[in-house]
A.B. asks: 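I have a structure here, written as structure tokens, and I will follow up with some questions on it.
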Number of protein chains: 2
Amino acid sequence: MLHEEVVGRIRDILLDGEIPPGARIPERELCERLEISRTPLREALKVLAAEGLVQLLPHRGSRAAKLTDKDMRDLFEVCQGLEALAGELACERISDHEIAEIAAAHVAMVQHYREGDLIQYYRGNRAIHEGIVNAAGNPVLTGLYASVTARIRRARYVTPMTPQRWAFAVSEHEAILNALQRRDGAGLSHILRAHLRHKREEVLQAGFAETEANEPTLKIA
Amino acid sequence: MLHEEVVGRIRDILLDGEIPPGARIPERELCERLEISRTPLREALKVLAAEGLVQLLPHRGSRAAKLTDKDMRDLFEVCQGLEALAGELACERISDHEIAEIAAAHVAMVQHYREGDLIQYYRGNRAIHEGIVNAAGNPVLTGLYASVTARIRRARYVTPMTPQRWAFAVSEHEAILNALQRRDGAGLSHILRAHLRHKREEVLQAGFAETEANEPTLKIA
DNA sequence: ATCTCTATTTTTGAATGCAAAAACGATCTC
DNA sequence: GAGATCGTTTTTGCATTCAAAAATAGAGAT
């Protein structure tokens, strides 16, 4: 009861960027804030470490995981693969109702785009991608996708979005919805791969992983 | 130091089938056997629960995860997707040396096949697939693949293997090696998908997952 | 002054302790 | 004799405690 709650809360804290990547996780403080003892907190940290959100250093505490460019590239690569798989499966299994929901989310997202509301746009964007993954009807896939996107999202909050890129992303989404409505698995898979590749380029070019405030110089033995 | 050790040991115990799927995990016993207290054991169980190997029931202890047919199908589906992705990436990045290693593993595996040594054959089979995944050079992918295969492997030790299927699997492996040597990403991806689909059929037809007393699957929002 | 070595404090990792929940058993009722 | 009810035991979840490791700081030497 408490355990899952704690994992969720800390995950949110990390995803909100409240503890920046690479920063130490203050065990004592978090305990006070969540009003729990160290035992469930530490259990949660181990779980989050297994998820890749937290880095455990023996006898030196835990830090919010810091992603290198390579890590990001790897995550995007896998995310691509998972979405492509989800797209193919979704086309086989998706119901008309689910398509309608995704179409609605798409329309809403485009509206947010027109209004220039980036936050709401992102929310809509996520809803669409998650909708496709859910439509694949594979909880294992859903779980892995959640894990990978969580790690990516963790870095995204610094990413800027140029008007051109934004417009292009919207046009790609039109194509995604189209393929889904035609239930064209291969086509959707292909578009999703391209879409993700573009997003990856954005993020990497933005230099998301600025080499910030690091630990004091370590003695190298 | 102790923590990772414990996670690994319990994972092995589960993968070896020493605690059968669905069975209760005796906390006290394991503590005595591993000569640790309940704290690190429970931490490990939470991590393994996050990995999907252990099922945690509130106030009712933990059990070795039990997979339904649907779970297995889902796992294979994702495994397929991951291997296909790995195959494509591997063809772009694999070195001649790595190809040689996989080829050697293949030869060894065929030899075990000829000798009828199923255990060693399985080991070689795993080495090949893991070699391809590793050759993709993507640790995120490697990690997810390990997690998924661990859960699958957990059920596989009951799977029988008819001579025909075995022979066919070997022939598929010839094709896999061939595509890899030609660095034919698309072709390899395709073969790997087919290969996995066949393995999945074997496992499911074997009726590995006797549908006993299962709780209804949870909906993930 | 800086560097080093040591003493103190802080933090981490794991064991133990304690309250609540569940499992188990025995008695009682019908 | 079957089933229900209450009390006991066991197990679970979390808090607390304790020892060891690391960070910190302070004194002394150069």
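All chains are named by letter (A, B, ...) in the order of the sequence lines, taking the proteins before the strands, and each is independently numbered beginning at 1.
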A.B. asks: Does A:T39 make a side-chain donor-acceptor contact with the base of D:dA15, cut-off 3.5 Å?
C.D. replies: yes
A.B. asks: Taking the nucleotide of DNA chain D with the closest heavy atom to each, which residue, B:G61 or A:E35, is nearer the 5' end?
C.D. replies: B:G61
A.B. asks: Counting side-chain heavy atoms from C-beta on, which of C:dT12, D:dC14, D:dT12 comes nearest to A:R24?
C.D. replies: C:dT12
A.B. asks: Rounded to whole Å, please give me the gap between CG in B:L56 and P in D:dC14.
C.D. replies: 10 Å
A.B. asks: Do the side chains of A:E18 and A:R33 get close enough for a salt bridge, i.e. N-O under 4.0 angstrom?
C.D. replies: yes
A.B. asks: Does any donor-acceptor pair link the side chain of A:R60 with the base of C:dG13 at a separation under 3.5 Å?
C.D. replies: no
A.B. asks: How long is the line joining NE2 of B:H59 and P of D:dG13, in whole Å?
C.D. replies: 6 Å
A.B. asks: Where the side chain of B:N134 meets the backbone of B:G131, is there a donor-acceptor pair that is under 3.5 Å apart?
C.D. replies: no
A.B. asks: Send over the distance from A:L41 CG to C:dA14 P, rounded to a whole Å.
C.D. replies: 15 Å
A.B. asks: Which of these nucleotides, D:dT11, C:dT11, C:dA15, is closest to any side-chain atom of B:P40?
C.D. replies: C:dA15
A.B. asks: Between the base of D:dG13 and the side chain of B:R42, is there a donor and acceptor pair under 3.5 angstrom?
C.D. replies: no
A.B. asks: Salt bridge between A:R28 and A:E32, side-chain N to carboxylate O under 4.0 Å?
C.D. replies: yes
A.B. asks: The side chain of A:S37 is closest to which nucleotide in this list: D:dT12, D:dT16, C:dT12?
C.D. replies: D:dT16
A.B. asks: Starting at atom CG of A:L34, determine the distance to atom P of D:dC14, rounded to an integer number of angstrom.
C.D. replies: 13 Å
A.B. asks: Rounded to whole angstroms, how far apart are CD on A:E27 and C1' on C:dG13?
C.D. replies: 9 Å
A.B. asks: Look at all strands and tell whether A:R38 reaches a base, only sugar-phosphate, or nothing, counting heavy atoms closer than 4.0 Å.
C.D. replies: base
A.B. asks: Against B:I10, only a single residue in B:I25, B:L34, B:L15 fulfils side-chain contact (heavy atoms from CB on, under 4.5 Å); can you say which?
C.D. replies: B:L34
A.B. asks: Is a side-chain N or O of B:R151 found less than 3.5 angstrom from the main chain of B:E51, in a donor-acceptor match?
C.D. replies: yes
A.B. asks: Nearest-Å distance, NE2 (A:H3) to P (D:dA15)?
C.D. replies: 14 Å
